Each structure stands twice: as C-alpha cells, then as structure tokens.
Amino acid sequence: MMAQNQHLSKTTEAQSSEKKKTRWCDGFKQKSNHQEKVLANTIVPHFIAKREYGNLFVIVFVSYFGAKLHRPKLIGIGCFIMGLGSILTALPHFFMGYYRYSKDTFISPLENSTSGLSTCSNNQNLLLNGTSPEMVGKGLEKESGSYMWIYVLMGNMLRGIGETPIMPLGISYLDDFAKEGHSSFYLGNLYAVGMIGPILGFSLGSLFSKMYVDIGFVDLSTIRITPKDSRWVGAWWLGFLVAGLISIISSIPFFFLPKSLDKPQKERKASVPLPVQKEERSQMVNLTKDRQNITKTVNGFIQSLKSILTNPLYVITLFLTLIQASSYIGSFTYVFKYVEQQYGQSASETNILFGFITIPTFATGIFSGGYIVRKFKLTLVGIAKLSFYTSALAFLFHLLNFALICENKSVAGLTLTYDGNNPLSSHINAPLSYCNSDCNCDKSQWEPVCADNGITYLSPCLAGCKSSSGSKKSMVFHNCSCVEVNDFQTRNNSVKLGECPRNDQCRRKFYIYIVVQILIIFSSSLGTISNMMLIFKNVQPEMKSLAVGFHSLTIRTLGGIPAPIYFGALIDRACMKWSINNSGKQGSCRIYNSTLYGNTFFGLSTCLKLPPLVLYVVLISAMKKKYQGKDTKASENEIKAVNEANLEPIRGDDRVDRETHI
C-alpha cells in the first residue's frame, strides 16, 4: 500500500508538467499531429523554430565549403545527426509522468480507474472530486522545475543541423553530373520518389495518432476520451523513434558513393602506376595549398555571396519564392487543425487524408512539371512563364476555399444560450440560464456532451444533468434540465459524452474541399521544379550550391520561423473556449469560431499568394531583356560550363603527364 501511494504521488507530481510538456512534444512528431493541443498557437512555433535555428547556423557554410568536399559523405553524416536528434526528442516521454487530460480525472496504472464526472447534483468545489491542494501544489512545482524541454530543444537543433547538407549539396551533386538537358527530369524523379517518405510518415502518423500517448503504461480501458476529442494526445514519441532509426539506416549508403560520379571511369583510364602516383602527389600539393590559402577561401566566399546578391534575377526569384513559402508553411502548419475543427475529423483521419490523397498528387505534379520542362526544352524565360501560369491557376482554385467554410457549431454557452433557445452575440462570459444557475458548475471545465437536438454542452453540469449511467466512453447523463427545456417533442433529456458531429451540409463541403485541395496541390507542384531551376540556373555554375543554400537560409529565416507565428496569432483570435491549467494559466484552444477561423486562415493565405504573381511578371520582363536575342535552352550554357569545369582536373593531369614524359 505504501508503494502504491508513493507511485500515485509521483504520478501526480508529473501531471501538470505532462499536460503541458507532453502535448507540446506531440506537435513535433509531424505537422499532422496535435501540435497545438496544450499551448497557444503563438507559442508552439517558437519551439518548432528551434530546428530552423540549428539549420541556420551551418547552412550557408555547408553550401559553400561542402561543394568542395565529399558531398555524399556530408549528406550521410547529416542523416545520421538528424536521426540522433529525432531519438533525443522522444526521450522526455520516458522521463515524465502520465498524461492527465482532465482536472477531475486521475489515471492510475495500479488502480485502473478514473473518477466520475461532475453533475448538477454534485457538490462542486474548486478542486473537483477530492483532489487535494497538496497534490495540485506538487504538480505545479514539478511543472515549473521541469527541464524536459531541453531534450526537445537539442533534438530539434540536431535535426536542423543534420538536414542542412541534403538539399543544397544533393541538388548540385545531381545537376553537376546529369546529362545535358536531363537535370530537370532527374530533379522531378527525385522529388517524386521523395514523396514516399511523407506518405510513410503520414501513414505511421495516422496509426500513432490512434494510440493513446501512454500506451503500454496505463490500462487503456480506463480512458474515456476518443481520438476525436480535442484533448486526445497520440503516441507522439513513437513517431520520433521510428523516424530516427530510419534516418540512421538511410545514412549508410551515402558513405559508399564516390565524390564524383565520373571518378571510377578516370581511375580505369589511369591504370598505369606512374600517372596514379602523379595524381596522388598533385592532390597532396593541392591540399597543402588549401591550408595555406584559408584567407583567400574566405574572401572567395564573400565575393561569391556578393555576386549572387547583386544578381537581380536571383534576388527577384528569392523574394517571390519567400512569399510563396511563407504562405505554404503557415498554411501547412495549421491545415490539420483546420480540418479537425472545421469538419470534425480526427487527427488520424486527417493524416490518412493528406498522406494518401494530397502527397501522391504532389508527387505527380512535380514529376509532370519536370517532364514538361524536358519534353518541350523550355528556355529560362519559358520556365519562368510555366511557374507563373501554375501559380495563377493554384491561386484561382484557392479562392474556392472561402465557399467551403462551415457554419459555427451549436454550442450552449458559446454560440447559443445555455437553454439553447437564442443565439449569443458574444461568447465571452455568457450568463448562466435558469436551467443550470443553481448547479454551481465550474465554467472552465471542458467535458463536452451531445444532446439529440444537435447542441453541444460544455459539461454535464452546465447541461443541468442530475445523474449518469455507464462508464468511460459510453457514459450517458440523464435528467438534463437545459436539454429538457429545448427538446419538447422527443422529451429525451439525456446527453452522451463527446461533441456533436457536424451536419450533413458540412460533410458535403468536406468532400468538395478534398477535391479542391487536390487541384491546388497539383497546379502548385507543377511549378516546383521550374522554381528550383530558376534559383540555380540564373547564377554562375560554380555558385549553384551557394545559391540553393542561401535560398534555403532565407526561406527558413524569413519564412519558416515567422510564418507559423503570425498565422497562429491571427488564428488564436478565433478561439471561443480556452483550456485552463491547474496554475490558472491559459492553455490550448478547445473550440474555434468556424467562420472566423476559415476567413482568417484563407484570407491570410490569399494575401501571401497574390504578390508573387506580380513579381513573376517583373521577373519574366527582366529575363526577356537579359536573354533577348539569345536562343538559349534552359540548361545548355550552364551544363557546358559545368562540363568544362569538370574537365579542368583532367586537363591538368594531362599537362602533368606531358611534363613528366618530357
């Protein structure tokens, strides 16, 4: 008995911390999960941005200096570091207490029971169902002294550092050794095959979202909430563990790739021992010179950076892709919450939706865009026009989203009076009705129940319910005075645990919404390859890695970090019901004003999608002036220059051989 009490005390100490930290960690698994369950939308992006900070520390230097080193090995090292970061992020789950999803619910793995929900007949106190002040105090102390966030901080920074070399070095490595005119096709294949990762991630995310966060540690039969409940937290830590192991395993093949794809052919040609020795001595001399010319290398880096920043075509492309990326990043960060709140879908259902419908569409669009560039041998101006047309088409489809916004849910105390007869002009401090004014209910409690009249009540107490039957997920509350007032015909004054589902009209809009998203994603992805080619085809061939790296730096700094913050700040204005933690502080949003959420979400995206269309017109005009009279294909000159640059070492070796023979 003493051991049991000690275990209960320890678990209680971690409850407050678990409620805040565990749900916070849950958001990092994938963008598809419950990333804003406990913290406000304005706070969560700051934690997510830690991965961006790790990337920013090294991306420019890796892009410039990494191009001169063994690029495949650097990519392999990055994958390994990224895997370690993912595993490190999952560790807080094993060091923290059990998740407590309600103030009046205490889960004990030993007793396998949960306390009952408060009804109108219960004697309500500040601390419900006998939760002692000592227990709450210990929980708050644990919350304020927890250092679990350090694991998430370091893990996300390692993930950011690890993913740094993959994009700039991988793209330049592929483009350098692709056949003439084939780079766009190979890039399209690369992006299309790369979609297998998100599909696998979303599939696993859907599976893990259905699993309770403390699976394997508590008796799941004692859990009364379902995955559709806004308080549900899935097994976020499983996603990090699996992703970390996959990243570490995938890093192994990169260590066996050659530094240059034509290196084996050179080695076969140089089968005579003497030239091989000369080549080795030449490499040693070059390494010595590199060590002696560090200052020149740094100066070369500064000059190269200055060169791309004074390139007007690169700068225009940089700005328009930055604005586009801000729209995509902000939208993708909150689209999962939007689907859950707007159409009543669970996190697992949302994962399946975006994993098996939108991701294949995105891969098909990317592949098709790369094929179009190669098939029609588009010039750089033609590539810019393709990007403009696809962006304009996606913008037109995007406007259809405004017509697919559902009406607000019927929620007593937020959109309707507690008796359900009249709409409320404001959800702030809605007055109690005569049907529940004597119940002495806790208005901050969130235990939604649904009546047959389609109205959701914030708790059984606020619905005026006097008794209950059943247990856990099948609980039914009876003799609900607020329901009885509103439902004269059926005389059914009972409510069931959980929110009421959306009506048929909203469900029909959801199916149309899926079709519209497919059209938007396909039209947008058609221009992905052309946008990427505009980044590195408008600069000198030797600066491609730096151009791609600086582009990634800009997108992450000015797009990836601030976009989720201002998107979240505006979306939070649509919240109608905030959770309150044990310390009395504001937690996450339980329910939103659907109309305001939709208009804010899509309105902000629209404002960010319009300026790039204007910049495309400016870019095309500037490119026409520069390339006027030059019938140059998209990659012809650049690849010739790359081939000449690749032949320089061979020519140098030939000169060394001739001098040796003389």
Side-chain angles (χ1 to χ4, degrees), residues 101-105 114-131 133 136 224-225 229-231 407-470 475-500 575-594:
Y101 53 82
S102 176
K103 289 197 302 181
D104 67 327
T105 304
T114 51
S115 60
L117 289 173
S118 58
T119 57
C120 184
S121 59
N122 288 346
N123 182 21
Q124 305 296 321
N125 298 311
L126 181 60
L127 299 175
L128 298 176
N129 293 304
T131 305
V136 176
R224 68 166 179 261
I225 60 174
D229 195 298
S230 61
R231 297 163 298 174
E407 297 180 353
N408 287 326
K409 290 182 178 180
S410 298
V411 182
L414 296 179
T415 61
L416 299 172
T417 55
Y418 282 104
D419 57 18
N421 291 324
N422 302 301
L424 287 174
S425 58
S426 175
H427 64 274
I428 301 176
N429 296 325
L432 295 174
S433 177
Y434 61 89
C435 61
N436 59 9
S437 58
D438 297 332
C439 295
N440 195 24
C441 302
D442 181 7
K443 297 180 68 175
S444 66
Q445 186 182 19
W446 176 257
E447 289 287 352
V449 291
C450 177
D452 288 343
N453 54 22
I455 298 177
T456 298
Y457 296 86
L458 302 182
S459 68
C461 181
L462 289 172
C465 301
K466 307 298 189 303
S467 60
S468 64
S469 62
M475 290 185 69
V476 178
F477 300 88
H478 308 284
N479 301 321
C480 304
S481 55
C482 293
V483 179
E484 184 178 354
V485 170
N486 185 258
D487 203 356
F488 293 107
Q489 297 179 351
T490 62
R491 297 293 181 183
N492 185 359
N493 56 1
S494 299
V495 295
K496 295 180 294 184
L497 198 63
E499 294 183 52
C500 294
C575 182
M576 294 191 298
K577 177 68 175 179
W578 291 98
S579 65
I580 304 298
N581 57 29
N582 288 333
S583 61
K585 296 180 181 179
Q586 177 178 291
S588 65
C589 184
R590 298 305 190 194
I591 188 170
Y592 288 86
N593 182 314
S594 300

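It should be emphasised that the depicted structure is a prediction, and the values quoted were computed from it without experimental measurement.
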List the steps and the verdict of disulfide (SG to SG under 2.5 Å) for Cys120 and Cys441.
CA-CA 7 Å; Cys120 184; Cys441 302; 5.7 Å; no
Could you please spell out the steps behind the side chain to side chain contact (heavy atoms under 4.5 Å, CB included) verdict for Thr417 and Ser433?
CA-CA 7 Å; Thr417 55; Ser433 177; 5.9 Å; no
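- Nearest heavy-atom pair across Pro431 and Tyr418 is O-CD1, 3.2 Å.
- Rounding to the nearest 0.5 Å gives a distance of 9.0 Å between CG of Asn453 and OG1 of Thr456.
- The two residues Val449 and Ala463 come nearest to each other via the heavy atoms CG2-CB, 4.4 Å.
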Checking Glu499 against Ile591 for the side chain to side chain contact (heavy atoms under 4.5 Å, CB included) test, could you report, in this order, the C-alpha distance in whole Å, the side-chain angles of both residues, the deciding distance, and whether it holds?
CA-CA 10 Å; Glu499 294 183 52; Ile591 188 170; 4.3 Å; yes
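- The SG atoms of Cys439 and Cys461 are placed at least 2.5 angstrom from each other.
- Rounding to the nearest 0.5 Å places NZ of Lys577 at 8.5 Å from NZ of Lys443.
- For the atom pair Trp446 CH2 and Cys589 SG, the distance stands at 8.5 Å (nearest 0.5 Å).
- Without hydrogens or angle criteria, Lys409 side chain to Cys500 main chain gives no donor-acceptor distance under 3.5 Å.
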Worked verdict on Leu414 versus Leu458 for side chain to side chain contact (heavy atoms under 4.5 Å, CB included)
CA-CA 9 Å; Leu414 296 179; Leu458 302 182; 3.9 Å; yes
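- At distances below 3.5 Å, not a single donor-acceptor pair connects side-chain atoms of Asn493 with backbone N or O atoms of Val483.
- Summarising the geometry of Val495 relative to Cys465, their closest heavy-atom pair is CG2-SG, 3.6 Å, with the distance given to 0.1 Å.
- Here the side chain of Lys466 pairs a donor or acceptor atom with the backbone of Gly464 at under 3.5 angstrom.
- Atom-to-atom distance recorded for Asn422:CG and Leu416:CG is 8.5 Å, nearest 0.5 angstrom.
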Run Leu462 and Leu432 through side chain to side chain contact (heavy atoms under 4.5 Å, CB included) and show every step you take.
CA-CA 8 Å; Leu462 289 172; Leu432 295 174; 3.8 Å; yes
